[in-house]
Visitor: 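Below you'll find the structure I mean.
One is the number of the first residue; the rest follow in order along the sequence.
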Amino acid sequence: HGDFLWGYRGKWTNWRTYFPPTMREFTPEQLQRFNGESSGPIYLAIKGDVFDVTPGRNHYGKGGAYHFFAGRDASRAYVTGCFESHLTHDLRGFTEAEHVMLNQWHRFYAQHPKYFK
């Protein structure tokens, strides 16, 4: 009848919180292989941290509204909203307020119950 977690489905109920996958480092070329063009995993990076966003295939996969983020570190575009020329990790010239905004996006992925580093 009842749910002993009272409906909570956050990161503490996900086994990957306790048994995270082995951390890997990616070159930009390696990360590009996980861009959602195939049926494999979809990764994106923000502030140099790579997140598996495969559960969001409808958003990040081919034809998805956020496909341009897949397979790269597009940290700058999260803040500027320019999804053509700002799909880069380069944060030079950012103000303190822009860094705060980027940190909020990073926190979104880091705390998302379905996306993992």
Visitor: Within the distance-only criterion (no hydrogens, no angle test), does the side chain of Asp73 pair as donor or acceptor with the backbone N or O of Gly48 below 3.5 angstrom?
Guide: yes

Visitor: Please report the closest heavy-atom contact between Leu31 and Ala45, naming both atoms and the distance.
Guide: CD2-CB, 3.9 Å

Visitor: Would you indicate whether His89, at its atom NE2, is surrounded by more than 12 heavy atoms from other residues, nucleotides or ligands within a distance under 6.0 Å?
Guide: no

Visitor: To which residues is Phe94 joined in a hydrophobic cluster, defined by side-chain heavy-atom contacts under 4.5 Å among Ile, Leu, Val, Met, Phe, Trp and Tyr, whether direct or through other members?
Guide: Ile42, Leu44, Ile46, Phe51, Val53, Tyr60, Tyr66, Phe68, Phe69, Tyr78, Val79, Phe83, Leu87, Leu91, Met101, Leu102, Trp105, Phe108, Tyr109, Tyr115

Visitor: Could I get the full list of side-chain hydrogen bond (donor to acceptor under 3.5 Å, both in side chains) partners for Lys114, not counting sequence neighbours?
Guide: none

Visitor: If I compare all heavy atoms of Glu37 with all of Lys62, which pair ends up nearest, and what's the gap?
Guide: OE1-CD, 3.5 Å

Visitor: Is there a donor-acceptor contact under 3.5 Å from the side chain of Arg57 to the main chain of Ser39?
Guide: yes

Visitor: Would you check if Gln104 and Arg107 make a side-chain contact, meaning some heavy-atom pair closer than 4.5 Å?
Guide: yes

Visitor: Let me confirm one number: the CD-OG distance from Glu98 to Ser75, rounded to the nearest 0.5 Å.
Guide: 12.5 Å

Visitor: Search all heavy atoms of Cys82 against all heavy atoms of Ala77 and return the closest pair with its distance.
Guide: O-CB, 3.5 Å

Visitor: So that I can tick it off, tell me whether Asp49 and Lys47 are bridged by a salt bridge, with the cut-off set at under 4.0 angstrom between side-chain N and carboxylate O.
Guide: no

Visitor: Is His67 reaching over with its side chain to a backbone N or O of Gly61, donor-acceptor style, under 3.5 angstrom?
Guide: yes

